[in-house]
Structures are given as structure tokens and as C-alpha cells.
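All remarks here apply to the structure that follows.
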Amino acid sequence: MKTKGALLWEPGTNSGWSVEDIEIDPPKRREVMVKLAASGVCHSDQHLDDGVIPLDWAPVLGGHEGAGVVTEVGDEVRDIRPGDHVVLSFLPSCGKCRMCVAGQPNMCELGAGTLAGTAPDNTQRVRARGRGVGCMSYLGTFAPYVCAPVDSVVKIDEDVPLDKAALIGCGVPTGWGSAVYAADMRLGDVVVIVGAGGVGINAVQGARHKGAKAIIAIDPVPFKQQQALTFGATHATGHFEEAAQIVEHLTNGQGADRAIITVGVAYGNLINPAQEMTRRGGVIVLTSAAPVTQREVDLDLFTFAMSGKRLQGSLYGTTSARNDIPLLASLYQRGELKLDELITRTYRLEDINEAFADMRDGKNLRGVIVYD
């Protein structure tokens, strides 16, 4: 199939995306072809361009948030059929490996290869300029069609608008699950959320769903502070110092029960301010991607150890895609999850570099590329 796609030819150089002709092979064993309705514009793809997530191969077809309709299935695909409405999960879950069987499908062994530049069988499905192209997260949703592993495909109800459903393949469950699962929240908790972008704003929604008494959002962008309040935060500020004063007042000096870090890029100087606002026995969740060379972390180790706090890393919000994507879609249908409001602006594929510029400038909660 010949179509258009947005490619990075020089990852790590901030060279931007090139929209050009690509060719996609039909699905092979345990693969499906999906005609996409929309693709989210996520910070993780920006990290391929700026080098926070380094790649030693090129070119790459970007995009890992998408939803659409199945048009074709390969051999040994039994639960997905042409015509099914699906969300593409940015991490696959095979259901058979040790991590999946142990109840941690977000850590599925297949996920280790999502940045390898090939499909799970170590071959490529996409070509451009006569060369093989690697796909972000086995997917490559910056094209109107995707040949995806069936382990990355989750069926949803046909009544869910696909342009909204695209967001529940990555950003929504990552933020929501960081509060609901990774933070181990309890009813009545006081929660601090550091970063109120496309992931953090959904951590706000997750904290609200879990019955937080107070949700304090920290973000330097006034637009995102205002949006955090709209999505359920009780307080919003641009500074750690002000947030610490709010927490002290709300908890009589005891500290927040949970702190969740969901900034665009995590650096070591973020951990201790979050720890200082967290009570004894509390939990600090780190969801953000960090530069692979980041090794130094500012942390008061004595206080951390003696106060019994926990620093918890979280991939994909510690969610289970096959369970939580349909759950989130259902919450949206019942009016309990905001998806429409997450989409600040839509774009054509040809305008993808503008979409990323708006993301970097803090203009969007989520930009979405819409296909015909």
C-alpha cells in the first residue's frame, strides 16, 4: 500500500519531520492493518527528534497513539476482524510471557523491542526512498494506515469516537494509571502532581477518580494550570515553593500522601522537592521519561530512608492495556473521563511540525492529527 507518512531521517538532531511517500506491506502472521482516524502527538515522539530517547538507526516513522478500523488481518489472528474499531496500545502485551502472566502486562517482554526499528519478527513493514523504515513502538501512527502486531491492538465499542479514542493508547492511561495504580492512592488522599501536560492532566483525572481530597497541580504554564483546575485539581501553581505551602496548610504540616511526577522530561533535581512535600510512608511516583545519560539525582537519602517513603517508577501508568483501554473508553461514554476537552487543536499530517512546535510551546494539552 502506498500512502504518506511523517519520518525522522536524523533522530536526535531536532531536524523535524518529513512528510513523504511511504509503502506499507500487508499484514503477516499475527498482524492487522488498521485505517486510522487520528493519531495523538505525544512528547515521546519529540524525544526521538531531540535525542532524549536516542536511536542508532533511521529513518523512523513516528507516532504511537492511534485508533481506527481494521481493514485486513493476517494468519493466526482470531479475535480481531475487519470492521472492528480498535485502539493501538503503544506497548504490546502478549499474555504469555513471565511479566504478562505475573500480572504486569505493561512490562511485557515484547515491549523491550519497541525501539529496535523492526517488527517483532525482526523485519520491517515500511519503506521510503528505497530503504526500510523502522516504526515507533511497532506502530508508526504518523501515517493513515498502520500494519500492527495483534498484541498491540485492543478492540473498543463502536460508539466511542475514534479521534478521542486515539488518546487512550498512551497518554491517558499513562497519567491516569500513575494515580490509580502506581501511586496506590486511597480515598481522601492529598496528592501533588508535578507537570500538567498531556500525561499529568490525566493523573489529575485519575486522582479525582480515586477520591482524592485535594489535588495540587504544579506547572509553569498558566494555561495548563487553568486546565488542571478544569479537570479536577483543587489547586494549581507554577512553583514548588507555593505548592509546599499549600500542602503544609492542607495537612497541618504532615505532607502530601502521594506525589506524581509527570513532566515532559525528568531531571534529577525534581526528586527531592517532591520528596520534601510527601509525608512519612508516602509514595513518590516517577512517570516521566528522563535522558538516558541522567545519573545524578538530588535526594536527601537520610530523610528518605528514615521516613519510610517509596519512590516508584511507572511505565504506561502500570496499566493493563487489554483491561484498561476498554475501561477508559467506558468511563468516557459514561461522562466520567474527559477526552474531548483534552484535544486543544487538531492538525493535518502535513502540519506535524507545527503540532510539535505548539506542544513544545505549551499551547496544547494534546494535539491530534486527524486523517480523512
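FYI, the numbering just counts along the sequence from 1.
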**Request:** Quick one: do Arg279 and Asp257 satisfy salt bridge (charged side-chain N to carboxylate O under 4.0 Å, His left out)? Show the steps, please.
**Result:** CA-CA 6 Å; Arg279 65 163 171 81; Asp257 301 284; 2.6 Å; yes

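Every residue meeting the side-chain contact (heavy atoms from CB on, under 4.5 Å) condition with Pro161, not counting sequence neighbours, appears here in chain and number order: Asp163, Lys164, Tyr332.
If you chain together ILVMFWY residues whose side-chain heavy atoms come under 4.5 Å of each other, Val292 ends up in a group of its own.
In summary, the side chains of Tyr145 and Thr71 do not present any donor paired with an acceptor at a separation below 3.5 Å, with no hydrogens or angles considered. At a cut-off of 3.5 Å, with distance as the only test, a side-chain donor of Gln275 or Asn272 sits close to an acceptor on the other residue. Using modelled atom types and a 3.5 Å distance limit, the side chains of Thr114 and Ser137 yield no donor-acceptor pair. Counted by atom type alone, Thr293 and Arg295 present zero donor-acceptor pairs between their side chains at under 3.5 Å. With 3.5 Å as the limit, one finds a donor-acceptor pair spanning the side chains of Asp300 and Thr303. Side chain to side chain, His85 and Asp157 fail the donor-acceptor criterion of an N or O pair below 3.5 Å.
Separation of atoms CZ (Arg131) and CH2 (Trp9) is listed at 5.0 Å; rounding is to 0.5 Å. Atoms CD1 and OG1, on Ile260 and Thr287 in that order, are 7.0 Å from each other to the nearest 0.5 Å. Atom CG of Leu48 sits about 6.5 Å away from atom CG of Leu115, to the nearest 0.5 Å. For the atom pair CG of Asp151 and CD of Glu31, the computed distance is 10.0 Å after rounding to the nearest 0.5 Å. How far CZ of Arg366 is from CD1 of Ile201: 11.5 Å, rounded to the nearest 0.5 Å.
At least one side-chain heavy atom of Ile343 sits less than 4.5 Å from a side-chain heavy atom of Leu167. Counting heavy atoms from C-beta outward, Val370 and Tyr347 have side chains that stay 4.5 Å or more apart. The closest side-chain heavy-atom distance from Leu342 to Asn202 is below 4.5 Å. Val86 has its side chain out of reach of Ile156: every pair of non-hydrogen atoms, C-beta onward, lies at least 4.5 Å apart. At a threshold of 4.5 Å between non-hydrogen side-chain atoms, the residues Thr13 and Asp50 do not count as touching. For the pair Val180 and Thr318, the minimum side-chain heavy-atom distance is 4.5 Å or more. Side chains of Ser152 and Leu88 form no contact here, defined as non-hydrogen atoms less than 4.5 Å apart. Annotation: side chain of Asp358 is in contact with side chain of Arg345 (closest heavy-atom distance under 4.5 Å).
Annotation for Ala166 and Gly40: closest pair CB-N, 4.5 Å, computed over non-hydrogen atoms. Of all heavy-atom pairs between Pro326 and Lys155, the closest is CG-O, 4.1 Å. Across Ala203 and Ala179, no two heavy atoms sit closer than the pair O-CB, 3.5 Å. When all heavy atoms are compared, the tightest approach of Ile193 to Gly200 is CG2-O, 3.8 Å.
A salt bridge does not link Asp75 to Lys28: none of the charged side-chain nitrogens sits closer than 4.0 Å to a carboxylate oxygen. With salt bridges taken as basic N to acidic carboxylate O contacts below 4.0 Å, one links Glu20 and Arg129. Note on Arg29 versus Glu76: salt bridge recorded, some NZ/NE/NH1/NH2 to OD/OE distance being below 4.0 Å. Glu72 has no carboxylate O lying under 4.0 Å from a charged side-chain N of Arg81, or vice versa, which leaves the two without a salt bridge. Under the 4.0 Å criterion applied to side-chain N and carboxylate O atoms, Arg258 and Asp189 are assigned as salt-bridge partners. The pair Lys2-Glu23 does not meet the salt-bridge criterion, since no charged nitrogen lies less than 4.0 angstrom from a carboxylate oxygen.
Exactly one residue among Asp25, Val133, Thr118 makes a side chain to side chain contact (heavy atoms under 4.5 Å, CB included) with Gln124. That residue is Thr118.
Using a 4.5 Å cut-off between side-chain heavy atoms of Ile, Leu, Val, Met, Phe, Trp and Tyr, with links allowed through other members, Tyr316 and Val265 fall into different hydrophobic clusters.
Using a 30° and 60° split on the angle between ring planes, Trp176 and Tyr181 fall in the perpendicular class, above 60°.
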